[in-house]
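One structure is given here, and the rest of the page talks about it.
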Amino acid sequence: MRFWVMKSEPDVFSIDDLKREKKTGWDSVRNYQARNSMRDDMQVGDLVLYYHSNAEPSGVAGVAKVVGPAIADPTQFDRKSDYYDEASKKDAPTWLMVTVGFVEKFASVIPLEALKAEKALAGMPLIQKGQRLSVMPLSKEHFVKVLSMAGAKTSVS
DNA sequence: GCCAACGTTGGC
DNA sequence: GCCAACGTTGGC
């Protein structure tokens, strides 16, 4: 199993929204690298750190899980969507999404600042300067470290 | 709201 | 294929 960070603006879709809805299609990703991660490397059962961006504070808000494989993102075919992609073909969709399920909301958000200050997380892709991917991998060790910082209930075997 | 970082587009 | 212009992300 692999471990991931997935980012969402809480004004758009927060960990509380995920908790209420139980699961959601991770649509609207329009970055090839993030798409390729979902298509090639994500598997059902993988665990996800749920990151709030453009938030107060920005940071890891909880844990989610990949519960459905990469399928066509319907927003690319929806003319009314901001994410409509005229060039994408139904039989060969450009953009994909996985389905993500709620696992746990942390007692408090682990702010980006705290992640950067933690020596054991050096090298974690999320905290590298200039990274803007909405879906990115991290190591099991880093994942477990963030769980312990959060006092999380989730455990990794 | 500012602006640095960086991906994408398009002229050549 | 280069690279300037432009758009987006996201911390602050």
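Letters go in sequence order (proteins before strands), and every chain restarts at 1.
- The 5' end of DNA chain B is approached more closely, in terms of each residue's nearest nucleotide, by Asn54(A) than by the other of Gln33(A) and Asn54(A).
- Shown here are the side chain to side chain donor-acceptor pair (under 3.5 Å) partners of Asp17(A), two or more places apart in sequence or in another chain: Ser14(A), Arg20(A).
- Partners of Asp46(A) according to the side-chain contact (heavy atoms from CB on, under 4.5 Å) rule, which considers only residues two or more places apart in sequence or in another chain, are Met1(A), Arg2(A), Trp4(A), Met42(A), Gln43(A), Val66(A).
- Identified under the side chain to side chain donor-acceptor pair (under 3.5 Å) test for residues 145-157 of chain A, with sequence neighbours left out: Glu104(A)-Thr154(A).
- Scored by the side chain to side chain donor-acceptor pair (under 3.5 Å) test, Ser81(A) finds no partners at all (sequence neighbours excluded).
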Please table the atom pairs, donor to acceptor, closer than 3.5 Å between any side-chain atom in residues 106-124 of chain A and protein atoms at least two apart or in another chain.
unit_1: Glu118(A); atom_1: OE2; unit_2: Ala120(A); atom_2: N; d: 3.1

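- Other residues sharing a hydrophobic cluster with Val67(A) under the 4.5 Å side-chain heavy-atom criterion for ILVMFWY residues do not exist; the residue is a singleton.
- Of the residues in residues 130-139 of chain A, those with a non-hydrogen atom less than 4.0 angstrom from any atom of DNA chain B are Gly130(A), Arg132(A).
- In this structure Val44(A) satisfies the side-chain contact (heavy atoms from CB on, under 4.5 Å) test together with Pro69(A), sequence neighbours excluded.
- Annotation: side chain of Asp73(A) is not in contact with side chain of Tyr83(A) (no heavy-atom distance under 4.5 Å).
- Extent of DNA chain B lying under 4.0 Å from chain A heavy atoms, first and last nucleotide in 5' to 3' order, is dA5(B) to dT8(B).
- The side-chain contact (heavy atoms from CB on, under 4.5 Å) check on Lys19(A) picks up Phe102(A), with sequence neighbours excluded.
- Judged as a side-chain contact (heavy atoms from CB on, under 4.5 Å), and not counting sequence neighbours, the contacts of Gln131(A) are Lys7(A), Leu126(A), Met136(A).
- Within residues 107-127 of chain A, no residue places a heavy atom under 4.0 Å from DNA chain B.
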